[in-house]
2 protein chains.
Amino acid sequence: MSDIKPRTRIQERNRGSILEAALDVFSQYGFRGATLDMIAESAGLSKPNLLYYFTSKEAIYIELLETLLDTWLDPLRELDPEGKPIDEIMGYVRRKMDMSRDFPRESRLFANEILQGAPRIQQDLTGDLRKLVDEKSKVIRKWHEEGKIADVDPYHLIFSIWALTQHYADFDVQVRAVLGDKDPFPGANRHLEQIFTKLLTP
Amino acid sequence: MSDIKPRTRIQERNRGSILEAALDVFSQYGFRGATLDMIAESAGLSKPNLLYYFTSKEAIYIELLETLLDTWLDPLRELDPEGKPIDEIMGYVRRKMDMSRDFPRESRLFANEILQGAPRIQQDLTGDLRKLVDEKSKVIRKWHEEGKIADVDPYHLIFSIWALTQHYADFDVQVRAVLGDKDPFPGANRHLEQIFTKLLTP
DNA sequence: CCAAATATTGACCAAATGGTCAATATTTAT
DNA sequence: ATAAATATTGACCATTTGGTCAATATTTGG
C-alpha cells in the first residue's frame, strides 16, 4: 500500500545533521543570507552530499519552517476555555517562555522569516494563525464578561505574550549584553508573572 | 581650518537616495542577504554610481547602523529621575511606540543586526547601552524604595518596554495578518498604557 | 561473499555578487 | 563660454553561489 521507502540509517543521520546545521545558519542570516556551503560545513558534509538529501536550499528551509509551524501554535491551542482564566493564560505564558529558553533558534528562524515579509508563510498567518487567535480572543472576551478577568483587548494581550516571551530568544544577544553572565530566564519568568497577574486580576 | 569639502547638491541627493533604499533592503534581508544591485535599483542608480558615493556595501550598512544607534537610546536617556515615576516610564513607552510607528524599518534593521549576533555593535551593547540601562535601573529601584512605584525588576521592566513596543514594528506583518486592515497602534497604545499603569501603581 | 542499492565528492557549470576602471556626460564656478 | 571638477556607467574582473554529474566508495540484504 505505502510506496514510500523507509529512511535508511544514514539518511536519518544525515538529514538530521543537515536540518540541525541549517537551523543554525538560517536563524542567524535568514534565507537569502545563508549559503549551502555554510550549512554543509556546519553539518560536516560536502555540498553535493548535502544536495543528495535535499533538492535545494529552499527545500531545506521549507522543511524547517513547516516543522516549526507545526509546533508553534500548540501552546496557544492548549488554552482551555473551561479552565481557570488566569491559570490558563499564565500557563500559556509559561509554555511560551519554555519555548524561548529551549528553542531559541526556532524563534529566531520565525523572526527572520517575518522580517523578510513572511513570503513563505503568509497563508499560514492569515489562515490558521488568524483563526486560532480569533477563537482564543472570543474565549478571553467571554472570561471578562463573566467577571473572571479584567477587561483587556484579547488581541493585544496575545501579541503581548508573543512579544514578551519571544524577545528573550530573539534579542538574546542584547539581553545578555546588558545582564552580563546572568541567566535572564528566572528573572524574566518572575517579571512576566507579575505583569500578567496584575493585568488580568479583576 | 576645516579641510572637508561641503557636499554638493547631487551628493546630498544621491547619498540620501542610497541610504533610503539601503534601509529598505537591509532591514528586510539583513547584511548578508542584501545586495548592492538591489539597493542600486531601489535608489534609481547604477551600481558603479552607487559605489562612487560609498566605498562598499559595508560602508553603507555601517552608516545606517551608526545613525540608528545615535538616536535609538535617546528615548531612554530622557527618563527624568526628578520627574513623576509613572509619568516618566509611560512617557518612555510612548516615545518608543512613536518610534515603532514612525520608524519601523530602523527597528527592523536593528532586529536584523541582533539576530545576526550583533557582530558590528557588540561594543555598543556592552558599553553605552549597558551603562544607560544600569543607570536608569538605579533610578527605577530608587523610585520603588521611595514608595513611588511598585517593586519591579528594573532590567526586565526595560526589556518589557523594548519587547512590547518594538514588536509592533518588527512583527508588523504578523500583527496585520491577524488584525486585517485595522491599524494596530491605537489599540496597542491603550493596551500598553493598561499594562504599565497596573504594573507600576504601588 | 557479492551484486544491487545507496552514499560520497571532485570537477564542473552558469549565474550572481562585490567590486574596479576608464571613457564619457554633466555640473560648477569664473 | 569654458575649463576644471564632479558624476555616470558599460565593460570587465575575481570570487562566490546554487546547483549538476559521473566516477568511486560504502552499505545493505540475500
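Every chain is numbered from 1 and lettered A, B, ... according to where its sequence line falls, protein lines coming before strand lines.
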- Would you say the ring centroid of His191(B) lies under 6.0 angstrom from that of Phe196(B)? no

- Can a side chain N or O of Gln11(A) be found less than 4.0 Å away from OP1 or OP2 on dA7(C)? yes

- Message: I need the NZ-C1' distance between Lys57(B) and dT17(C), as an integer number of Å.
- Response: 8 Å

- Item | Any Tyr53(A) side-chain N or O less than 4.0 Å from OP1/OP2 of dT6(C) | no

- Task: Determine, for nucleotides 22-30 of chain D in 5'-to-3' order, which nucleotides have protein heavy atoms under 4.0 Å from the base (write B), from only the sugar-phosphate (write S), or from neither (write -).
- Result: -----SS--

- Using the C1' atoms of the five pairs at each end, what is the angle between the end axes of the helix from dC1(C)-dG30(D) to dT30(C)-dA1(D), to 10°? 30°

- Item | Flag if over 12 foreign heavy atoms under 6.0 Å of CD, Gln11(B) | yes

- Task: Grab the two heavy atoms, one from Arg130(B) and one from Val178(A), that are nearest each other, plus how far apart they are.
- Result: NE-O, 3.4 Å

- Query: Any cation-pi pair here, Arg120(A) with Phe31(A), using under 6.0 Å and within 45°?
  - Reply: yes

- Rounded to whole Å, CZ of Phe54(A) lies from P of dA7(C) at a distance of 13 Å

- With a cut-off of under 6.0 Å to the ring centre and 45° to the axis, is Lys96(B) in cation-pi contact with Trp72(B)? yes

- Task: Measure the distance from CD1 on Ile18(B) to P on dG18(C) and round it to the nearest whole Å.
- Result: 14 Å

- Where do Gln194(A) and Val152(B) land on the side-chain contact (heavy atoms from CB on, under 4.5 Å) test, with the steps shown first? CA-CA 8 Å; Gln194(A) 190 180 7; Val152(B) 289; 3.8 Å; yes

- Note on the structure: When rounded to whole Å, the CZ to C1' distance for the pair Phe31(A) and dT17(D) reads 12 Å

- Item | Touch class at under 4.0 angstrom, heavy-atom based, for Arg7(A) against every strand present | nothing

- Message: So, OP1 or OP2 of dT8(D): does either fall under 4.0 Å of a side-chain N or O from Tyr52(B)?
- Response: no

- Query: Hey, is the main chain of Asp80(B) close enough, under 3.5 Å, to the side chain of Glu88(B) for a donor-acceptor pair?
  - Reply: yes

- Check whether any side-chain N or O of Asn14(B) sits under 4.0 Å from OP1 or OP2 of dT8(D), and answer yes or no. yes

- Message: We want to know whether Asp170(A) and Ser107(A) form a side-chain donor-acceptor pair, criterion being a heavy-atom distance below 3.5 angstrom.
- Response: yes

- Message: Given the ring of Tyr29(B), does Arg32(A) sit roughly above its face, with NZ or CZ under 6.0 Å from the centre of the six-membered ring and within 45° of the axis?
- Response: yes

- Query: What do the steps show when you test Val133(B) against Leu76(B) for side-chain contact (heavy atoms from CB on, under 4.5 Å), and what is the final call?
  - Reply: CA-CA 8 Å; Val133(B) 176; Leu76(B) 184 52; 4.2 Å; yes

- Message: Side chains of Tyr155(B) and Asp134(B) only: does a donor on one sit below 3.5 Å from an acceptor on the other?
- Response: yes

- Message: Under 4.0 Å, heavy atoms only, any strand: does Ala34(A) hit a base, just the sugar-phosphate, or nothing?
- Response: sugar-phosphate

- Note on the structure: Glu58(B) atom CD is separated from dG18(C) atom P, nearest whole Å, by 12 Å

- With side-chain contact (heavy atoms from CB on, under 4.5 Å) as the test, would you mind laying out the steps for Thr35(A) and Met38(A) before giving the verdict? CA-CA 5 Å; Thr35(A) 69; Met38(A) 283 188 210; 3.2 Å; yes

- Query: Can you list, by residue number, the residues of residues 35-47 of chain A that have a non-hydrogen atom closer than 4.0 angstrom to DNA chain C?
  - Reply: Ser46(A)

- Arg13(A) CZ to dT8(C) C1': how many Å, rounded? 11 Å

- Task: Give the rounded distance in Å between these two atoms: OH of Tyr61(B) and C1' of dG19(C).
- Result: 20 Å

- State whether Asn49(A) places a side-chain N or O below 4.0 Å from either non-bridging phosphate oxygen (OP1 or OP2) of dT9(C). yes

- Nearest whole angstrom, please: distance from the C1' of dT20(C) to the CG of Leu50(B). 14 Å

- Under 4.0 Å between a side-chain N or O of Arg32(B) and OP1 or OP2 of dT17(D)? yes

